[in-house]
K.L.:
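Questions regarding the structure given below will be posed in turn.
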Amino acid sequence: MDFGLSEDQVLLKETIRRYLGSECPTTRVRAIMESESGHDAALWQGLADLGVPGLAIPTPHGGAGLELLDLALAAEELGRACTPGPFLGCAMASAALLASEDSDAKARWLPAVASGRAIVTVALGEEGGVWDAAALTTRARDGRLTGRKLLVPAAAVADAILVAAQDGDGPGLWLVERGAPGLEVAALRGTDMTRRVAAVTLGDAPGVVVAGGRRAIDRARDAGLVLLAADAYGGARRCLDMTVEYALTREQFGQPIGGFQGVKHQLADLATELEPALSLWWYAAHAYDHIPERLERHAALAKAHLTDLYDRAARVATELHGGIGFTWEYDLHLWFRRAVFDRAFLGDAELHRLRAADLAGW
Amino acid sequence: MNLAYSAEYERFRTEVRRFLGEHWNEAPSGAADSIADLTGAHVRTDARATAFRLLAIERGYLYRHVPRRYGGSEQPGDPLKSTIIAEEFRRARAPFEIMGQGPSMLVPTLLEHGTEAQKERFIRDTLLGTIRWCQGYSEPGAGSDLASLRTRAVLDDGHWVVNGQKIWTSNAREAEWMFALVRTEPEKAKHDGISYLLIEMNTPGIDVRPLRQMTGDADFNEVFLENARVPADNIVGRRGQGWVVSRSTLKHERALIGGAHLTRRTFDGLVMLAQAVERGGRPVIQDPVIRNRLAELEARLVAAEYHGYRLLTLSARGNDHGLGGMVTKLYSTTLGYDIAKLAMDVVGDRGLLAPGEPNAPAMGMFGLAYMWSLGVLIAGGAANIQRNIIAERGLGLPRDARK
Ligand SMILES: Cc1cc2nc3c(=O)[nH]c(=O)nc-3n(C[C@H](O)[C@H](O)[C@H](O)COP(=O)(O)OP(=O)(O)OC[C@H]3O[C@@H](n4cnc5c(N)ncnc54)[C@H](O)[C@@H]3O)c2cc1C
């Protein structure tokens, strides 16, 4: 019985935090987010050199052979630093590929993702708030895909997209390569500018089936839910830390504002909610590899709860910074925007709470 | 991270189970004790329970941090074993460590600051529940600002002569003894003028008057002390040290997973309630609004449960709980309130029926929990005081100005 991080895991977090501290200050975050593609290949390669995209990829496929929890610890640090990039898409795609039985696809793409040579993402969501495999309208027939995918992360820079679609046998995943005829990727402007999304239209585009059935799709979704929860925790914690620091230095009425009880209590309430919430996503991440029967439900609960908390943390933080917090120049809105993404992507809190209720058998 | 217990601990669990199977085979007493569980009032101290506790102490299962010579079982600190014991005793509904203020507050205080004579006289009987204690801290003018207390004790002919009033004293009518904070050095600064006294409740000059709570019951009381003479030896620690003495807390392994299992029971009860109660011809639990709220609460509950395991792991590794430990009271009392409130919404109009009314769903048990959720929010340091502790000690924000 040990519900805590190992020394290696603590070291992993520290290593990533140190790297991002020096390589990804908010000045760079802003430069990337204001760039055309929103992608900084050097930064991503740096993270890949640390092993980040391959943490949960088995060693035979070029990864570190660790677990989703380790990947989620990385997500927490990326969230904390508000790091731009294709992390989420790559992580979900790796989860999907690992659940597939297509050894060729695995051999070709997993080592490439782990080393940073390739970016692969997952196209799941569709018009009408659809994130469930059974409700997909994108169709596959004879290796050709037709349909429209909304909100595909990192699609514009992806070398390949795993498209969730249905054929005569039900849902599955098809791999579509960049530049395929009939594939159209239209960048969308997102509130969170650190994780770009695009609308992907498939007009009879060629795709290779990599997984039949819904399992690979579900694995990708559940990995995504856990990683969003971890990202949210990292971001929320950072909002709290930044605000405590600010409250100790900003003075009004002749004293630091952190001495006012109204301020202290808002921050104490936030800390009170955040501290235990850490264990909720740790548990969901642990379940991904060790307690499969509890994964779906706890990943849903974690995503709903943590992303709600992130929103609250970003709000309280902004409020307690006063006017400066509402400016473009001040960095807080980067996290506020990131919280908007975390809440909405893969479906909002209510959707996942209702799923959790169904999964509980209530 | 590993949620399984190692073989050594699984063997230990089997051993505890075997012990319980052999020595405690009473059928669970059913629904009646759930309300008592919610209020924490249920403690069996009849002869059979006491004999069982003695055996469990003998085997090393209860009061593991208390030396054998004072009635404990003196085991090396092992939070995992303590957790296993608590889990198994709970499952068997067997008498466990008595949770009252005596064992949880007085005993650690005596262990740290008591004289040999005090330890021998009080600890064993307190652990078995044969001496029951109440806590005489709060006064009409001294609640959150406890150190402003005014009950006075003056030394006279080998006795402390105590005058003053205590209030909100839980279980004062049942208790044989009270541990109290009194002012003995009025000329000193407020925290330095307090002493910690052990006062027998049948001392002449003590008058206990029940105070009725909002629930209608009277678990707490006013205690008036008029020239009550307390032997001089009944001071714990030195004169003027009472404040420091009263801060002793349990150093080791106590029911770390504590709170969350009661909350889990209440929550499971809430789900059953929502399945049983119908509105518009269908069970309330089919209402998406209710499902949404239930799932929101369950996320917070699961967080509390695994937060418990995280703190347990910190203890097992010899680390401090830090901020994580400071937030648990505020977190769990807020969650308890939200669960009780949803239960009130689930029963709808019948929520207006009083606890104990047979026509009320679940006998109005949730109505009682709803009211008690306020009691626990205030008792033992009101919510704002918790917030101050979290902000000041946990986050390092400036302390409030204090007089
Ligand atoms: C069910 C129950 C059982 C109890 N049992 C016992 C017992 O057995 N023995 C015992 O000694 N006492 C007992 N108490 C008393 C309890 O410890 C006190 O009620 C509590 O400490 C609050 O003190 P008070 O009632 O004087 O409220 P006050 O201290 O007057 O507080 C009133 C309100 O003001 C707020 N407040 C006070 N100071 C501050 C501050 N600095 N900043 C912000 N807000 C502040 C508080 O949060 C609270 O909301 C019990 C209370 C209850 C409800």
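Sequence lines set the chain letters: A, B, ... in the order given, protein chains first and strands last, and positions in each chain run from 1.
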K.L.:
Just verifying a value: how many Å separate A:Leu267 CG and B:Leu395 CG, rounded to the nearest 0.5 Å?
P.N.:
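So the CG of A:Leu267 and the CG of B:Leu395 are separated by 6.5 Å.
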K.L.:
Quick one: CD on B:Glu296 to CG on A:Asp308, what's the gap to the nearest 0.5 Å?
P.N.:
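With rounding to 0.5 Å, CD (B:Glu296) is 7.5 Å from CG (A:Asp308).
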K.L.:
By a 4.5 Å heavy-atom criterion (distance strictly below it), what part of A:His298 contacts chain B: side chain, backbone, both, or neither?
P.N.:
side chain
K.L.:
Please state whether the rings of B:Tyr306 and A:Tyr283 are parallel, tilted or perpendicular, taking 30° and 60° as the class boundaries.
P.N.:
parallel
K.L.:
Which atom names give the shortest non-hydrogen contact between A:Pro276 and B:Ala303, and what distance separates them?
P.N.:
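So the two residues come closest at O-CB, 3.5 Å.
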K.L.:
So which of B:Asn384, B:Leu3, B:Ile390 has the biggest tally of heavy-atom pairs under 4.5 Å with chain A?
P.N.:
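Looking at each option in turn, the highest pair count goes to B:Leu3.
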K.L.:
Which pair of non-hydrogen atoms, one from A:Leu248 and one from B:Pro398, has the smallest distance, and what is that distance?
P.N.:
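Taking every non-hydrogen atom into account, CD2-CD, 3.8 Å.
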K.L.:
Could you tell me if the side chain of B:Arg300 sits less than 4.5 Å from the side chain of A:His305, heavy atoms only?
P.N.:
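Touching, per the 4.5 Å side-chain cut-off.
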K.L.:
Quick one: are A:Phe3 and B:Leu312 in side-chain contact, heavy atoms under 4.5 Å?
P.N.:
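They are not in contact (no side-chain heavy atoms under 4.5 Å apart), so the answer is no.
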K.L.:
Under 4.5 Å heavy-atom distance to chain B, tell me which part of A:Trp282 shows up: side chain, backbone, both or neither.
P.N.:
both
K.L.:
For A:Leu301 and B:Ala295, work out which heavy atoms get closest and say how close.
P.N.:
CD2-O, 3.4 Å
K.L.:
Using 0.5 Å steps for rounding, measure from the CD atom of A:Glu275 to the CZ atom of B:Arg310.
P.N.:
5.0 Å
K.L.:
Could you tell me which portion of B:Leu330 (side chain, backbone, both or neither) has an atom closer than 4.5 angstrom to a non-hydrogen atom of chain A?
P.N.:
both
K.L.:
Got a second to check how far A:Asp269's CG is from B:Gln386's CD, nearest 0.5 Å?
P.N.:
11.5 Å
K.L.:
So which atom in B:Arg317 and which in A:Gly4 form the shortest heavy-atom distance, rounded to 0.1 Å?
P.N.:
NH2-C, 3.5 Å
K.L.:
Do B:Asn388 and A:His265 touch side chain to side chain, with heavy atoms closer than 4.5 Å?
P.N.:
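SC-SC contact between B:Asn388 and A:His265 confirmed.
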K.L.:
For the residue pair A:Arg297 and B:Glu298, establish whether any side-chain heavy-atom pair is separated by less than 4.5 Å.
P.N.:
yes
K.L.:
Could you tell me whether the side chain of A:Met1 reaches within less than 4.5 Å of the side chain of B:Tyr9, counting heavy atoms only?
P.N.:
no
K.L.:
At a heavy-atom separation under 4.5 Å, does A:Ala304 approach chain B through its side chain, its backbone, both, or neither?
P.N.:
neither
K.L.:
Between A:Ile291 and chain B, which part of the residue has a heavy atom less than 4.5 Å away: side chain, backbone, both or neither?
P.N.:
side chain
K.L.:
At what distance, to the nearest 0.5 angstrom, does NZ of B:Lys329 lie from OG1 of A:Thr272?
P.N.:
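That separation rounds to 12.0 Å.
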K.L.:
State, with a plain yes or no, whether a side-chain heavy atom of A:Ser279 is found less than 4.5 Å away from one of B:Val302.
P.N.:
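A side-chain contact under 4.5 Å is absent here.
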